[in-house]
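Since the structure comes first, as structure tokens, the remarks are kept for the end.
As the structure is a computational prediction, the values presented were derived from the model and not from experiment. Chain A is the first sequence line, chain B the second, and so forth, proteins listed ahead of strands; every chain is numbered from 1.
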There are 2 protein chains.
Amino acid sequence: MSTLKSSKQRDAVLANLQSRYDHPTAEDIFLAVKEVIPSISLATVYRNLKLLESEGLILKIPTGDSDRFDGHTHGHYHLTCINCRQVIDLDIDPGVNLDSLPRDFDGTVTSHSLMFYGICPDCKSSNKK
Amino acid sequence: MSTLKSSKQRDAVLANLQSRYDHPTAEDIFLAVKEVIPSISLATVYRNLKLLESEGLILKIPTGDSDRFDGHTHGHYHLTCINCRQVIDLDIDPGVNLDSLPRDFDGTVTSHSLMFYGICPDCKSSNKK
DNA sequence: TTTAATAATGATAATTATTATCATTATCAT
DNA sequence: ATGATAATGATAATAATTATCATTATTAAA
């Protein structure tokens, strides 16, 4: 197989994701990294997001619309606001090892993702409903 | 607002989803319902999937590629096979009320979805890795 | 250090999934 | 029956993502 070669574009994408705590789309990341490397192409962002995810360095969060990304891979959970569609971190401890929950199951569980849905604090306070 | 009017296309989409235990894409459902209503259009399937989901009659499962759908809305969880990309049901009991996990959280949680990743029983037994 | 091999890039075309449009048809309350 | 309008099928449009391809950058070895 091919060996990975370093690139400042990839480094910048990873650095951007690791420096922020929201959950940007590929487009969001493209715009942010463009400030540092004006010549970067959107395709390069997509390419590197896929690569970084397969390396386990970032997380892809499927959402029904544009995928979102997370530069922090330690176990934590998310809430999708059904009002503003933002994805925010939730710092909770499930108390049990969720990965070991499926008992009478003939397959193998390697990981899980837990997504909560509801109203984020911002939308709840600035309540216009 | 507009009042819902019945249609055999919508009934057929719902019936199809409720009769099966896999997690088909819109395309899969389109092909299946086409056997019963040959004139049905893919757009009609998408329209009704969206409508049925907003009615709470079915579930949409975002997956990073094509969305999948589930005709069974009682609380249960899923595993995405990282080998064959199938989504299968997992009959497990988390033991705790996951929706009440986020404690010091200023928003509101209305629901959650828990997705496991790993190898499904089929891929594990017919192991060519 | 050149050089050779090839991974990565930027630009853009192509593809895929999904949604919007619109003329026609079906449903339903009167 | 009829009028109002929701739903349909066909298809165009859009949005997100991936593929292509000529050029550039990185790296290991000469």
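Applying the side-chain contact (heavy atoms from CB on, under 4.5 Å) rule to B/D106 yields the partners A/P121; only residues at least two apart in sequence or on another chain are considered. Partners of A/R85 according to the side chain to side chain donor-acceptor pair (under 3.5 Å) rule, which considers only residues two or more places apart in sequence or in another chain, do not exist here. Under the side chain to side chain donor-acceptor pair (under 3.5 Å) criterion, B/T108 pairs with A/K124, not counting sequence neighbours. Shown here are the ring-ring contact (aromatic ring centres under 6.0 Å, His included) partners of B/Y21, two or more places apart in sequence or in another chain: B/H72. Residues satisfying the side chain to side chain donor-acceptor pair (under 3.5 Å) criterion with A/T25, sequence neighbours excluded, are A/D28. Residues meeting the ring-ring contact (aromatic ring centres under 6.0 Å, His included) test with A/Y46, sequence neighbours left out: none.
Residues from residues 9-36 of chain A with heavy atoms under 4.0 angstrom of DNA chain C, sorted by number: A/Q9, A/R10. Within residues 49-73 of chain B, the residues approaching DNA chain C are B/K50, B/S66, B/D67, by heavy-atom distance under 4.0 Å.
Within the structure, every pair that satisfies the side-chain hydrogen bond (donor to acceptor under 3.5 Å, both in side chains) test and touches residues 87-98 of chain A, not counting sequence neighbours, is listed here: A/H23-A/D89, A/H76-A/D89, A/H78-A/D89. Sorted by first and then second residue, the salt bridge (Lys or Arg N to Asp or Glu O under 4.0 Å) pairs involving residues 31-43 of chain A (not counting sequence neighbours) form an empty list.
For the pair A/N48 CG and C/dA8 P, the interatomic distance rounds to 8 Å; values are reported in whole Å.
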Look for any protein N or O under 3.5 Å of an N or O in nucleotides 26-30 of chain D and output each such pair with its distance, or none.
from: D/dT26; atom 1: O2; to: A/K5; atom 2: NZ; distance (Å): 3.0
from: D/dT27; atom 1: OP1; to: A/S6; atom 2: OG; distance (Å): 3.1

Once Watson-Crick and G-U wobble pairs under 3.5 Å are found, how is DNA chain C written in dot-bracket notation, 5' to 3', with | for any base paired to another strand? ||||||||||||||||||||||||||||||
